Amino acid sequence: MTNRLRLGVNIDHVATIRNARGGAHPDPLRAAEAAARAGADGITAHLREDRRHITDADIDRLMARIALPLNLEMAATPEMLAIALAHRPHAACIVPEKREERTTEGGLDAAGQFDALRPFVEQLTAAGIRVSLFIEPSERQIDAALRLAAPVIEFHTGRFADASGDERATELKRIADAIALAAKNGIETHAGHGLTFDNVAPIAAIPQLAELNIGHFLIGEAIFTGLEASVARMRSLMDAAR
Ligand code: PXP
């Protein structure tokens, strides 16, 4: 397949379950290995400021032991920058982070925080880390991402995932138009948030898209079918949509 869409599996919520009991099981590293066997192209992990799921020790072990590239999701803070520079993961996705949120609720305000973000993009890039900015599919944010010279944009698909009917069609068009605009400007495009077996196909069918990052649904589904089966089914739905 020439236009293969990469799948990054986000393993944060394996750590959420582990942390509910404070022990070592289930192990996110084992989940990363299972995802790799089932056709994942990368592993994504979000080291949050409050360490509610992935921990510093998880990042150490993932960096040392997984064969797949690691995409570290991180807030633009000096602490996270220092961690990323110390580990040099394949990629770093800069996300907005609020302590009180349950998940990453919206995209980064790359336009409003342009000056604050610039040194993060520059230092991560200088360290050889592929930087992506997690933004909403809006022209204003794409324009800021282009000016920040990040090589990758990840578009937030949460509104699409939450919508239904005509509203979902409108959100899908917004995402497809944003991806086309970013790709026309030479930027690699990724997407993620809230994607499931039922809603992934129209997003995966967007031809310029290079990667999806999917977590919560896959880990939840793994309770019923096992993680390898869950990842393999997502992989085949993505392939079928191309
Ligand atoms: N991409 C980014 C940048 C994210 O922050 C998240 C959620 O942590 C995801 C993808 C995956 O979202 P979900 O867990 O809803 O599949």
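Sequence positions, counted from 1, serve as the residue numbers for this chain. Everything numeric here is computed off the predicted structure, so don't read it as measured data. Numbering of ligands and ligand atoms starts at 1, following listing order.
Of the protein's heavy atoms, E154 OE2, 2.5 Å lies nearest to atom 1 (N) of ligand 1. At the shortest separation from atom 16 (O) of ligand 1 among protein heavy atoms lies G215 N, 2.8 Å. Ranking protein heavy atoms by distance to atom 15 (O) of ligand 1, first place goes to G194 N, 2.8 Å. In terms of protein heavy-atom proximity, atom 11 (C) of ligand 1 is nearest to N213 O, 3.7 Å.
Here is the list of ligand 1 atoms found below 4.0 Å of a heavy atom in V95: 3 (C).
A 4.5 Å side-chain heavy-atom check between F155 and I135 finds at least one atom pair inside the cut-off.
Ion pair R18/D27 not flagged as a salt bridge, since none of the NZ, NE, NH1 or NH2 atoms sits closer than 4.0 Å to an Asp/Glu carboxylate oxygen. Between D162 and R159 no salt bridge is recorded (no basic side-chain N to carboxylate O distance below 4.0 Å). Using a cutoff of 4.0 Å between basic side-chain nitrogens and carboxylate oxygens, R174 and E171 are scored as salt-bridged.
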Test side chain to side chain donor-acceptor pair (under 3.5 Å) on T44 and N71; report intermediate values, then the result. CA-CA 5 Å; T44 294; N71 172 32; 3.1 Å; yes

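Taking 4.0 Å as the cut-off, F134 counts as a neighbour of ligand 1 on heavy-atom distance.
Relative to atom 12 (O) of ligand 1, the option among E73, H216, H193 with the closest non-hydrogen atom is H193.
Side-chain contact of H87 with D60: a donor-acceptor pair under 3.5 Å is present, judged by distance alone.
Only the side chain of N10 comes within 4.0 Å of ligand 1, counting heavy atoms alone; its backbone N, CA, C and O stay farther away.
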